[in-house]
Amino acid sequence: MPELPEVETVCRGLRPALKGRILAKVQTRRANLRVPFPHDFAKRLTGRRVGKITRRAKYILAEVEGGETLIVHLGMSGRFTIHGAGAPSKPGRFTHKVASDGSGDGTHDHVVFETDEGTRIVYTDHRRFGLMLLVPTEELESHKLFAELGPEPLGKAFTAKSLSASLKGKKTPIKSALLDQTVVAGLGNIYVCEALYRARISPKRNAASVAGERSTKLVPVIKDVLSEAIAAGGSSLRDYAQADGELGYFQHTFTVYDREGEPCLTPGCAHKIKRLVQAGRSTFYCPNCQR
DNA sequence: CTTGGGTCCTGTGCGC
DNA sequence: TGCGCACAGGACCCAA
């Protein structure tokens with residue numbers, strides 16, 4: 001479930017296994033994910049030391065020695081598992097979802113990294129909506145994937161004022177506007193639903209009408225929802241990773257997402273949560289609490 | 001310019 | 001038990 005909090009959690013999980021390590025072996029098991037791997041992808045990574053690992057929006061960025069950065073997007077179903085020496089659990093404890101060759105689920109393991117410590121980091125993605133690229137670090141900011149991205153929702157630049165400015169004049173529903181990565185970078189379907197619920201704003205409301213007063217309420221709520229999810233991921237990562245080496249995926253409990261027909265959890269409300277489709281995506285909301 | 005819809009791909013869960 | 005359809009956490013591309 002890779003939205004910003006999950007990507008952040010995966011980043012944090014990858015760091016101890018990858019940062020400062022040399023990529024002893026890199027293997028791609030097919031020619032492409034959503035897009036083809038860059039020319040000589042594995043060859044260009046092999047033997048190089050990994051530097052800083054950061055996140056921008058839903059992208060994982062890993063600097064590699066020689067001035068290039070590995071860009072990873074998890075798409076809808078991308079995930080990493082860590083096996084062996086550098087894994088976050090004791091060696092030999094992986095029992096779950098690990099194929100006989102020590103990989104993730106076996107059939108959809110598309111990329112395998114092996115470090116100089118013998119740690120295997122396996123990228124698994126059954127839908128293949130993910131992406132891996134390798135670009136010169138100095139060209140990152142101007143790269144077309146990043147050039148148009150809006151502010152980081154947890155960053156200082158994301159304020160009621162900045163959000164108001166980008167919503168002004170927008171005719172789309174606020175739900176769709178918040179999924180637009182040029183408005184704010186990293187929100188996905190779940191956390192948009194959760195944030196709008198917590199801010200008591202209807203997903204159907206025109207984006208423009210959220211500029212001003214409502215943005216003042218919405219922005220801190222977005223920051224809270226994401227921060228709490230990261231905190232939950234961070235704390236459950238240790239336990240979950242101990243079980244099978246998988247990073248950043250755990251059972252969330254959401255307040256509205258995927259709760260169609262169930263009672264609203266706001267005290268004294270108990271209206272049924274409704275589902276509607278906006279721009280092809282499911283929206284969950286409480287018609288009583290959200291206006 | 002903005003906006004909405006189709007599309008990539010595989011898996012799962014539901015109703016019949 | 002099997003089948004077909006709707007739907008799934010993302011985001012690009014293109015037509016209107």
Side-chain angles (χ1 to χ4, degrees), chain A residues 1-11 29-37 55-60 71-80 97 104-111 123-133 143-150 153 165-197 203-208 211 222 225-226 229-230 232-233 236 246-261 274-284:
Chain A
M1 39 175 80
E3 289 189 36
L4 186 151
E6 291 74 30
V7 177
E8 178 62 33
T9 303
V10 170
C11 264
R29 297 185 171 177
R30 51 175 300 122
N32 65 292
L33 296 172
R34 178 123 177 49
V35 299
F37 290 105
R55 178 192 58 73
R56 171 76 172 111
K58 296 171 201 165
Y59 295 92
I60 297 165
I71 303 171
V72 179
H73 194 289
L74 302 172
M76 293 276 258
S77 57
R79 52 195 58 204
F80 281 102
K97 277 192 187 174
D105 75 353
T107 54
H108 298 293
D109 299 342
H110 305 308
V111 188
Y123 178 77
T124 308
D125 186 355
H126 68 86
R127 284 177 82 179
R128 303 205 305 273
F129 284 177
L131 156 156
M132 286 197 198
L133 293 178
H143 194 281
K144 65 172 180 165
L145 290 178
F146 303 102
E148 305 297 322
L149 281 182
S166 43
L167 295 181
K168 209 173 169 188
K170 270 207 178 291
K171 293 189 169 70
T172 48
I174 184 62
K175 160 72 184 331
S176 307
L178 293 175
L179 283 177
D180 180 346
Q181 303 294 295
T182 69
V183 170
V184 54
L187 283 184
N189 205 36
I190 292 177
Y191 294 108
V192 166
C193 291
E194 294 293 319
L196 287 173
Y197 172 73
K204 294 187 277 193
R205 177 174 280 286
N206 281 347
I222 289 172
V225 164
L226 295 177
I230 290 171
S236 61
E246 187 163 355
L247 300 177
Y249 303 95
F250 49 89
Q251 274 311 105
H252 282 284
T253 316
F254 302 115
T255 359
V256 278
Y257 184 82
D258 208 22
R259 292 193 62 244
E260 183 182 17
K274 284 198 166 185
R275 172 183 177 272
L276 72 124
V277 175
Q278 294 177 293
R281 315 289 305 275
S282 287
T283 301
F284 299 88

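Chain A is the first sequence line, chain B the second, and so forth, proteins listed ahead of strands; every chain is numbered from 1. Note that the coordinates shown come from a computational prediction; the quantities given were computed from them, not determined experimentally.
The side chain of Arg275(A) lies closest to dA8(C), out of dG10(C), dC12(C), dA8(C).
Within the nucleic acid shown, Ser282(A) comes within 4.0 Å of sugar-phosphate atoms alone, with no base atom in reach, counting heavy atoms only. Backbone-only engagement by Arg128(A) is indicated by non-hydrogen atom pairs under 4.0 Å involving sugar-phosphate atoms exclusively. Gly280(A) comes within 4.0 angstrom of no nucleic acid atom, judged by non-hydrogen atoms across all strands.
Between Gln278(A) and Pro203(A), the shortest heavy-atom distance links the atoms NE2-O, 3.2 Å. Nearest heavy-atom pair, Val111(A) versus Met132(A), reported as atom, atom and distance to 0.1 Å: CG2-CE, 3.8 Å. When all heavy atoms of Asp125(A) and Ser77(A) are compared, the pair lying nearest together is OD1-OG, 2.6 Å. Residues Ala177(A) and Ala207(A) come closest through the heavy atom pair CB-CB, 3.8 Å.
Distance Met132(A) CE to dA11(C) C1': 17 Å, rounded to the nearest Å. Regarding Leu187(A), its CG atom lies at a distance of 11 Å from the P atom of dA11(C), rounded to whole Å. Atom C1' of nucleotide dA11(C) and atom CE of Met76(A) are separated by 10 Å, given to the nearest angstrom. The distance from atom CG of Asp258(A) to atom C1' of dA6(C) is 14 Å, rounded to the nearest whole Å. Rounded to an integer number of Å, the gap from CZ of Arg79(A) to P of dA8(C) is 17 Å. As a whole-Å value, the separation of Leu145(A) CG from dC12(C) P is 7 Å. Nucleotide dC12(C) holds its P atom 17 Å from the CG atom of Asn32(A), rounded to whole Å. Put simply, CG on Leu178(A) is 14 Å from P on dA11(C), counting in whole angstrom units.
dA11(C) has no base stacking with the ring of Phe129(A) when judged by centroids under 5.5 angstrom apart and an interplanar angle below 30°.
OP1 or OP2 of dG10(C) has at least one side-chain nitrogen or oxygen of Arg281(A) nearer than 4.0 Å. In terms of phosphate contacts, Gln181(A) brings a side-chain nitrogen or oxygen within less than 4.0 Å of OP1 or OP2 of dA11(C).
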Watson-Crick or G-U pairs under 3.5 Å in DNA chain C, rendered as dot-bracket with [ ] for crossing pairs and | for another strand: .|||||||.|||||||
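Nucleotides dC3(C) and dC9(B), compared at atom P, are 24 Å apart to the nearest Å. Between dA11(C) and dC1(B), the distance separating the two P atoms is 22 Å to the nearest Å. Nucleotides dG5(B) and dC7(C), compared at atom P, are 14 Å apart to the nearest Å.
Nearest-nucleotide positions on DNA chain C place Arg127(A) closer to the 5' end than the other of Lys58(A) and Arg127(A).
Judged purely by distance below 3.5 Å, without hydrogens or angles, the side chains of Thr182(A) and Glu148(A) never pair a donor atom with an acceptor atom.
Lys175(A) is listed as a side-chain neighbour of Cys193(A), based on a closest heavy-atom distance under 4.5 Å. For the pair Val10(A)/Val72(A), no side-chain contact is recorded, criterion being any heavy-atom separation below 4.5 Å from C-beta on.
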Side chain to side chain contact (heavy atoms under 4.5 Å, CB included) between Leu4(A) and Arg55(A), worked out: CA-CA 9 Å; Leu4(A) 186 151; Arg55(A) 178 192 58 73; 3.3 Å; yes
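The aromatic ring centroids of Phe146(A) and Tyr59(A) lie less than 6.0 Å from each other.
A 4.0 Å heavy-atom criterion places the boundary nucleotides of DNA chain B facing chain A at dT3(B) to dG11(B), written 5' to 3'.
His110(A) and Tyr123(A) have tilted rings, their planes meeting at an angle from 30° to 60° on a 0 to 90° scale.
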